Amino acid sequence: MCSTSRVSWNQIRSKFDKIRQLWSDEEPRGDCFWLLDLITLIGGNKGATTSRFKGRHYIRFLSNSLFAYQGFVFLLQVIHSLHNHKDDVALVVFEVLKLFIYLVSVSKMVVFAHLRKPIATIRDFVIGNSVNSGSTDFDEFEQRNFNHYARTTMKLSIGLMLVNFVAFSVPNSVTEKALGLPPLLQGFGQPTSSILRCLAVNFMPFGIVSRFFTNFTTVVALLLGMRAKLRMLAYRYAQILVHSRIDADYTLALINRDIRETLNQQLEYWRVLHDLKHLVGNMFFLVHYSSIFTVGAFMFIAQHTGVNIFSATLASGATFFLLEHYFQCRLIDTLQDEVNSISYVIYELCAKLPYSRTANRSEYVQMRSSLMIISMNTSGGVSMSCFGISNISTLTFVDLAHTAYIVLTFFISIG
């Protein structure tokens with residue numbers, strides 16, 4: 001009996017140690033995507049490697065069933081409010097906003113499922129070694145940074161889901177009025193009504209909210225990974241420039257060889273970057289145009305409800321929409337910064353190529369011409385657009401904040 005208990009305890013302890021290692025492992029080859037798979041599974045989506053989790057089909061079924069039930073409750077709440085609370089503008093706006101957010105989360109699930117293949121391609125590229133700096137120490141440094149920031153983002157997402165779960169569990173009259181069960185579902189008596197309310201309100205972070213975190217963490221992790229790879233390319237080009245300055249034996253032929261090796265890696269990066277642009281453009285379209293309405297509406301409703309747990313939750317919701325938008329814009333800007341640094345290094349290398357009278361002049365001219373072409377093609381290679389409507393950058397975020405303020409003033413004027 002004691003032996004069986006000891007074996008069982010050792011198994012539990014072994015599993016706990018493994019989970020703790022996966023949660024906190026920030027070494028260069030740490031599996032930060034384990035947390036992304038967990039968030040994807042909670043969000044009811046089928047990821048590329050969610051098969052690592054036992055009972056994944058059961059978890060996905062529960063999540064999607066909960067999500068469908070919450071959408072049904074939202075629909076009943078909107079119908080009830082439009083029929084019985086037409087004069088309460090804040091409540092009507094909130095009910096319509098809830099249904100709108102639900103439809104956006106459905107769209108995010110559809111987009112995620114549609115982009116499953118490019119997500120897997122980019123993910124394999126990020127954890128692979130097809131692009132490297134040529135220095136093991138530098139590669140490990142960049143991988144460690146990527147692992148740290150990606151893991152922090154995923155932990156933050158999981159933490160926010162738990163915080164929202166606690167916030168929605170706190171009894172509050174305003175929360176009950178805005179999120180409570182519609183009359184059609186209140187006539188089942190106890191404890192059925194309590195269970196239905198708990199599934200609709202308390203578990204909202206694991207139903208609707210988790211769909212937003214799935215897309216957010218996926219895009220941020222992939223952008224961070226692609227930035228790390230781009231920095232490795234920048235380091236390779238910088239090393240070629242350094243060697244050309246300090247090494248007298250670093251001839252034009254050797255520079256040509258290293259440039260070709262680096263360019264082959266850059267072309268591989270550009271092929272994967274095409275998938276990233278398609279992925280970000282599709283997901284950012286939903287983020288941008290849903291944020292315009294939701295942020296203004298959130299602030300309008302919070303203004304009418306006063307200071308309480310519910311308004312604090314609304315403020316956190318508006319903050320999440322803004323942060324999701326800003327992080328994507330900022331990370332895309334950092335990609336452009338890295339590309340600009342590469343272009344500058346190539347331009348400087350072009351201007352300071354070693355030349356000797358014994359060298360073949362045609363090879364020298366050809367090398368300079370090639371470097372100039374590479375520099376020009378590199379400088380605008382990472383720019384991303386939202387279906388060609390507008391380029392994605394921090395200026396887009398500024399436009400979003402301005403437009404959201406216009407939406408807020410519109411709601412104030414009609415309220």
Side-chain angles (χ1 to χ4, degrees), residues 32-53 56-71 74 99-127 150-151 153-158 160-161 164 203-226 272-291 294 317 320-321 323-325 327-329 331-332 384-387 392:
C32 67
F33 284 111
W34 176 84
L35 286 173
L36 181 60
D37 290 335
L38 177 62
I39 296 172
T40 300
L41 192 60
I42 294 174
N45 293 283
K46 185 178 181 181
T49 54
T50 51
S51 57
R52 71 173 76 190
F53 295 99
R56 58 190 178 278
H57 301 297
Y58 180 67
I59 296 174
R60 194 180 301 117
F61 172 77
L62 288 178
S63 177
N64 288 326
S65 299
L66 180 65
F67 179 66
Y69 167 70
Q70 290 171 353
F74 279 7
L99 190 59
F100 173 76
I101 290 176
Y102 183 82
L103 294 176
V104 172
S105 61
V106 171
S107 301
K108 283 178 174 285
M109 285 188 67
V110 173
V111 170
F112 188 91
H114 175 69
L115 298 173
R116 193 181 304 153
K117 185 175 180 180
I119 289 173
T121 300
I122 301 169
R123 176 171 168 163
D124 291 340
F125 176 76
V126 167
I127 63 179
R151 188 180 294 273
T153 303
M154 298 167 196
K155 289 180 179 179
L156 180 63
S157 298
I158 295 174
L160 287 175
M161 281 191 280
N164 281 322
F203 284 89
M204 192 179 298
F206 303 109
I208 295 172
V209 178
S210 61
R211 270 70 183 170
F212 286 88
F213 283 120
T214 298
N215 286 36
F216 170 67
T217 51
T218 298
V219 172
V220 169
L222 296 182
L223 284 173
L224 286 170
M226 292 296 283
V272 179
L273 182 66
H274 176 75
D275 290 332
L276 182 69
K277 289 182 177 181
H278 176 66
L279 183 149
V280 171
N282 279 269
M283 290 191 172
F284 189 81
F285 179 83
L286 290 172
V287 171
H288 182 71
Y289 289 99
S290 63
S291 297
T294 51
F320 169 74
F321 275 94
L323 288 178
E324 181 182 21
H325 194 285
F327 275 132
Q328 292 189 29
C329 292
L331 284 173
I332 291 171
M384 301 185 190
S385 66
C386 182
F387 285 109
I392 304 174

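All values below were derived from every heavy atom in this structure, side-chain atoms included, with hydrogens, water molecules and symmetry-related copies excluded. The chain is numbered in sequence order, starting from 1. Because the structure is a prediction, the values reported are computed rather than measured.
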### Task
Rounded to the nearest 0.5 Å, what's the gap from CG on Leu276 to CD1 on Ile122? Could you check?
4.5 Å
### Message
What's the separation between atom CD1 in Ile101 and atom OG in Ser290, rounded to the nearest 0.5 Å?
### Response
8.5 Å
### Summary
With sequence neighbours left out, the residues meeting ring pair (Phe, Tyr, Trp, His ring centres under 6.0 Å) with Phe327 are none
### Query
With a 4.5 Å heavy-atom cut-off, do Thr121 and His274 have their side chains touching?
no
### Message
For Gly43, is there any backbone N or O sitting under 3.5 Å from a side-chain donor or acceptor partner on Arg211?
### Response
yes
### Message
If you apply the rule side-chain contact (heavy atoms from CB on, under 4.5 Å), what do you find for Phe125 with Met226, and how did you get there?
### Response
CA-CA 8 Å; Phe125 176 76; Met226 292 296 283; 3.6 Å; yes
### Query
Nearest heavy-atom pair of Met161 and Ile42: which atoms, and what distance?
SD-CG2, 4.5 Å
### Message
On a heavy-atom basis, which atom in Gln328 and which in Leu223 lie closest, and how many Å separate them?
### Response
O-CD1, 4.2 Å
### Query
Among Asn45, Asn282, Leu279, which residue meets the side-chain contact (heavy atoms from CB on, under 4.5 Å) test with Phe112?
Asn45
### Query
Glu324 and Phe212: which non-hydrogen atoms are nearest, and at how many Å?
OE2-O, 4.2 Å
### Message
Over 60° means perpendicular and under 30° means parallel, so tell me whether His114 and His278 are parallel, tilted or perpendicular.
### Response
perpendicular
### Message
I'd like to know if the side chain of Gln70 and the backbone of Phe203 have a donor-acceptor N/O pair within less than 3.5 Å.
### Response
yes
### Query
Under a 4.5 Å cut-off applied to non-hydrogen side-chain atoms, are Phe284 and His325 in contact?
yes
### Task
Please report the shortest heavy-atom distance between Ile119 and Met283, naming the atom on each side.
CD1-CE, 4.2 Å
### Task
Quick one: pull up OG1 in Thr218 and CG in Leu115 and give me the separation to the nearest 0.5 Å.
10.0 Å
### Task
Start with the C-alpha gap between Lys108 and Val287, add the side-chain angles, then the distance that decides, and say whether side-chain contact (heavy atoms from CB on, under 4.5 Å) holds.
CA-CA 9 Å; Lys108 283 178 174 285; Val287 171; 3.6 Å; yes
### Task
For side-chain contact (heavy atoms from CB on, under 4.5 Å), just list the numbers for Phe213 and Ile158, CA-CA rounded to whole Å, side-chain angles, deciding distance to a tenth of an Å, and then say yes or no.
CA-CA 8 Å; Phe213 283 120; Ile158 295 174; over 6 Å; no
### Query
Is the side chain of Thr40 donor-acceptor paired with the backbone N or O of Leu36 at a distance under 3.5 Å, no angle test?
yes
### Task
Report the distance from atom CG of Leu38 to atom OG of Ser157, rounding to the nearest 0.5 Å.
11.0 Å
### Query
Is the centre of the Phe67 ring less than 6.0 Å from the centre of the Tyr102 ring?
yes
### Task
Specify the closest pair of heavy atoms between Gly44 and Asn64, including all atoms of both residues, with the distance to one decimal.
O-ND2, 3.3 Å
#### Entry: Any donor-acceptor N/O pair, Thr217 side chain to Met154 backbone, under 3.5 Å
no
#### Entry: Criterion side-chain contact (heavy atoms from CB on, under 4.5 Å) on His288 and Ile392, from CA distance to verdict
CA-CA 10 Å; His288 182 71; Ile392 304 174; over 6 Å; no
### Summary
CG of Leu224 to OG1 of Thr153, rounded to nearest 0.5 Å, is 6.0 Å
### Task
Evaluate the criterion salt bridge (Lys or Arg N to Asp or Glu O under 4.0 Å) for residue pair Asp275 and Arg123; output intermediate values, then yes/no.
CA-CA 11 Å; Asp275 290 332; Arg123 176 171 168 163; over 6 Å; no
### Query
Which value, rounded to the nearest 0.5 Å, describes the distance between Leu62 atom CG and Leu41 atom CG?
10.0 Å
### Query
Under 6.0 Å between ring centres, would you say that holds for Phe285 and Tyr289?
yes
